[in-house]
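Both counts, for ligands and for their atoms, begin at 1 and track the order of listing.
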Amino acid sequence: MIPQKLPTVETSIFAVMSKMATEHKALNLSQGFPNFDSDPLLIDLVSQAMNQGNNQYAPMPGDLQLRVEISKKTETLHHKLYDPTSEITITAGATQALFVAIAAVIQSGDEAILFTPAYDSYDPVIRLFGGKPVSVQLKAPSYTPNWEEVRNKISSKTKLIIINSPHNPSGMVFSENDMLQLQELAVKHNIWVISDEVYEHIIFDGHQHQSAARFEALSQRTFITASFGKTFHNTGWKMGYCAAPQPLMKAFQKIHQFNVFCVNHPIQKALATYLQEPKHYLELSSFYQKKRDLFLSLIQDSRFKFIPSTGTYFQLLDFSEISSEGDRAFAERLTKEHKIATIPTSAFNENQTDFRQIRVCFAKTDDTLKEAAGILNAI
Ligand code: PMP
Ligand code: GLN
């Protein structure tokens with residue numbers, strides 16, 4: 001019999017709900033991806049890179065020019081210089097960066113603190129390497145972290161804290177004070193940090209993204225993970241990166257080289273050129289804020305309750321006035337009967353007991369958002 005590495009883990013909710021959406025011909029607002037295309041210029045740059053012969057392996061850490069552009073962007077936005085030759089690695093999406101960063105720091109018996117609801121890959125990967133996830137619950141409606149609780153959950157075995165801001169699924173963003181609290185604890189207790197910043201460029205209402213790169217002592221012990229898929233509307237390309245100080249990046253690359261070795265070469269060439277124009281990422285917040293505002297204005301008279309998301313392209317909707325079903329049953333019924341697929345938030349949160357919420361992805365055309373609102377208003 002094949003050994004059961006992750007006996008309690010089931011197929012990811014994103015795979016389950018997207019499949020169910022297809023089977024029931026439902027509008028798919030579940031898995032987080034845009035239903036519009038990337039900039040044609042970026043697509044042209046990829047085909048140019050292919051036609052120019054960039055079709056063999058990229059360097060193991062990634063195309064140097066792309067690493068230089070990421071380094072410049074981080075220095076401009078966060079005043080922190082990551083050496084492109086030794087402190088940045090291009091990965092197969094943030095998922096692979098997260099996997100490798102967790103593998104680099106977690107040994108059997110170590111504890112890792114997660115804020116739940118948490119993106120679904122953190123917990124199983126910690127377990128895969130013999131670690132124990134320790135949950136700190138973010139509570140509705142604000143989802144702000146309780147640092148006293150974090151402090152109480154730190155033990156001599158705590159080796160890692162994973163944060164995610166802007167936060168999937170709640171849309172909460174960490175404040176400067178949150179990052180300072182994290183920094184103090186991480187330094188004091190000698191804990192590594194993974195800062196999952198995949199929604200770094202999708203942040204609303206004038207909030208500033210508090211990258212771990214902005215906090216010197218914190219950045220010294222942090223792996224930042226990022227995703228081009230979120231920023232440039234091409235989640236299917238599975239491109240991302242990790243930035244970390246040299247000793248951490250060395251440990252990361254030791255594993256990365258045997259995990260994939262390197263990732264898609266022509267896309268890296270294209271991204272290196274495309275990143276040279278800052279408006280390609282700086283305009284994203286206002287682009288998505290308009291979509292959030294359109295969607296929320298359309299459903300304001302529905303029976304769903306909500307607090308507007310502050311970042312990411314997700315919105316939580318509270319359905320407690322509509323049904324007393326569990327969120328999974330509710331989301332499945334919505335897909336089958338009302339032809340709209342969403343994500344039950346308990347998938348991010350095994351401790352969820354006291355609230356009823358589904359997550360909707362608003363990275364959709366305005367027409368799709370209008371159609372979705374029509375369905376939600378009738379529920
Ligand atoms: N972290 C978070 C918080 C996410 O929402 C996602 C999903 N897109 C990822 C990581 C993975 O990103 P990627 O698709 O680039 O692997
Ligand atoms: N990050 C995306 C979400 O939260 C999905 C990623 C995936 O499908 N694994 O919906």
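Enumerated by chain and number, the residues approaching ligand 1 to less than 4.0 Å through a heavy atom are Gly93, Ala94, Thr95, Leu98, Tyr119, Tyr122, Asn164, Asn168, Asp196, Val198, Tyr199, Ser227, Lys230, Lys238. Within 4.0 Å of ligand 2, the residues that place a heavy atom are Phe14, Gln31, Gly32, Tyr119, Asn168, Tyr199, Lys230, Phe314, Arg359, listed by chain and number.
Remark: Lys279 fails to qualify as a cation-pi partner of Tyr281 under the 6.0 Å distance and 45° angle criteria applied to the six-membered ring.
Dense packing is recorded around NZ of Lys339, with more than 12 heavy atoms of other residues, nucleotides or ligands lying under 6.0 Å away. When the shell of 6.0 Å around NZ of Lys132 is examined, it contains 12 or fewer heavy atoms from other residues, nucleotides or ligands.
Thr222 and Ser219 are not linked by any side-chain donor-acceptor pair at a separation below 3.5 angstrom, with hydrogens and angles left out of the test. Looking at Ser12 and Asp120, their side chains do bring a donor and an acceptor atom within 3.5 Å of each other.
Ion pairing of Lys73 with Glu69 is absent here, as no side-chain N (NZ or NE/NH1/NH2) approaches a carboxylate O to less than 4.0 Å.
Here the side chain of Ser309 pairs a donor or acceptor atom with the backbone of Gly311 at under 3.5 angstrom. In terms of modelled atom types and a separation under 3.5 Å, the side chain of Ser135 and the main chain of Thr116 share no donor-acceptor contact.
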**Report entry** salt bridge (charged side-chain N to carboxylate O under 4.0 Å, His left out) assessment of Lys19 paired with Glu23
**Finding:** CA-CA 6 Å; Lys19 182 162 174 274; Glu23 280 166 6; 3.2 Å; yes

